[in-house]
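Below: the structure, in structure tokens.
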Amino acid sequence: MEDEKLAKVLVAVRDSSRYQSVADDTVRRIATASLAAARGDVNDAVKRTKRGLHEIFGAYLPSTPRYDKMLGLLRDAQDRDQVRDALSRTMSSHASTKERLPILRSSTGPSSSGCRLRRG
């Protein structure tokens with residue numbers, strides 16, 4: 001019975017486009033804990049799960065990330081400036097990494113910190 005309830009919670013959360021890119025294991029872990037806290041109430045568990053996901057994921061993203069587009073920009077980059085632009089655009093989509101953009105912009109290049117960008 002608990003497996004059926006957990007499945008219902010998982011389906012309800014996955015129906016939300018906001019959390020479709022979150023790892024399945026993360027959603028399952030939070031949903032399991034939420035279902036226990038909600039004492040088996042599926043509707044309450046869905047709310048708790050979404051709240052938990054928002055606290056660890058959604059609060060930092062203004063919208064659902066378009067990872068395919070971000071990866072495409074990086075793959076299409078032809079030179080260092082285009083790579084830097086693609087990375088800046090990607091980083092600006094998340095509040096935590098957006099605040100680190102000045103560091104990226106102030107560096108003299110990817111190799112200045114001992115890192116090298118590799119295309120593969």
Side-chain angles (χ1 to χ4, degrees):
M1 183 59 100
E2 286 302 308
D3 286 341
E4 290 175 24
K5 288 182 178 183
L6 179 59
K8 287 180 182 180
V9 173
L10 293 172
V11 167
V13 171
R14 283 294 179 202
D15 280 347
S16 169
S17 63
R18 182 91 169 131
Y19 302 113
Q20 287 179 353
S21 62
V22 179
D24 289 335
D25 289 343
T26 302
V27 176
R28 179 175 291 280
R29 181 176 46 83
I30 293 173
T32 300
S34 296
L35 191 58
R39 297 182 180 156
D41 182 326
V42 171
N43 291 331
D44 188 30
V46 169
K47 290 177 189 173
R48 289 171 182 261
T49 302
K50 287 182 178 182
R51 187 178 319 123
L53 290 171
H54 179 76
E55 289 172 0
I56 64 168
F57 176 79
Y60 301 100
L61 296 166
S63 61
T64 302
R66 297 193 51 207
Y67 295 115
D68 55 336
K69 183 176 179 181
M70 293 174 188
L71 185 58
L73 287 171
L74 192 55
R75 284 184 175 152
D76 293 343
Q78 298 296 313
D79 58 33
R80 177 177 279 177
D81 289 336
Q82 289 178 353
V83 168
R84 189 177 298 259
D85 182 56
L87 292 174
S88 292
R89 292 171 119 193
T90 300
M91 289 176 69
S92 68
S93 68
H94 189 280
S96 180
T97 55
K98 187 175 186 175
E99 66 190 23
R100 290 164 177 79
L101 280 172
I103 297 167
L104 178 67
R105 290 183 182 125
S106 69
S107 71
T108 58
S111 60
S112 67
S113 64
C115 299
R116 297 213 186 275
L117 291 176
R118 292 179 48 197
R119 292 180 55 137

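Note that the structure is a prediction, hence the values are computed from the model and not measured.
- In plain terms, the two heavy atoms of Ser16 and Gln20 that are nearest each other are O-CG, 3.4 Å.
- For the atom pair OG of Ser88 and CG of Asp81, the computed distance is 10.5 Å after rounding to the nearest 0.5 Å.
- Both Val22 and Ile30 are part of a single hydrophobic cluster, where members link through side-chain heavy atoms under 4.5 Å apart.
- Summarising the local packing, CZ of Arg14 is surrounded by more than 12 heavy atoms from other residues, nucleotides or ligands at distances under 6.0 Å.
- Leu6 CG to Asp3 CG: the interatomic distance, rounded to the nearest 0.5 Å, is 6.5 Å.
- At a threshold of 4.5 Å between non-hydrogen side-chain atoms, the residues Thr26 and Ile56 count as touching.
- In this structure, OG1 in Thr49 is found 7.5 Å from CG in Leu10, a value given to the nearest 0.5 Å.
- Both Tyr19 and Tyr67 are part of a single hydrophobic cluster, where members link through side-chain heavy atoms under 4.5 Å apart.
- Between Leu53 and Val13, the shortest heavy-atom distance links the atoms CD1-CG1, 3.6 Å.
- The distance from the NZ atom of Lys50 to the CZ atom of Arg18 is 11.5 Å, given to the nearest 0.5 Å.
- Between Thr90 atom OG1 and Met70 atom CE the span is 5.0 Å, to the nearest 0.5 Å.
- For the pair Ala45 and Ala38, the tightest heavy-atom approach, listed with the atom from each and the gap, is N-CB, 3.7 Å.
- To the nearest 0.5 Å, the span separating CG on Asn43 from NZ on Lys8 amounts to 9.5 Å.
- Gln82 places no side-chain N or O within donor-acceptor distance of the main-chain N or O of Arg80, the cut-off being under 3.5 Å.
- Between Arg28 and Asp24 there is no salt bridge, since no side-chain nitrogen of the basic residue lies less than 4.0 Å from a carboxylate oxygen of the acidic one.
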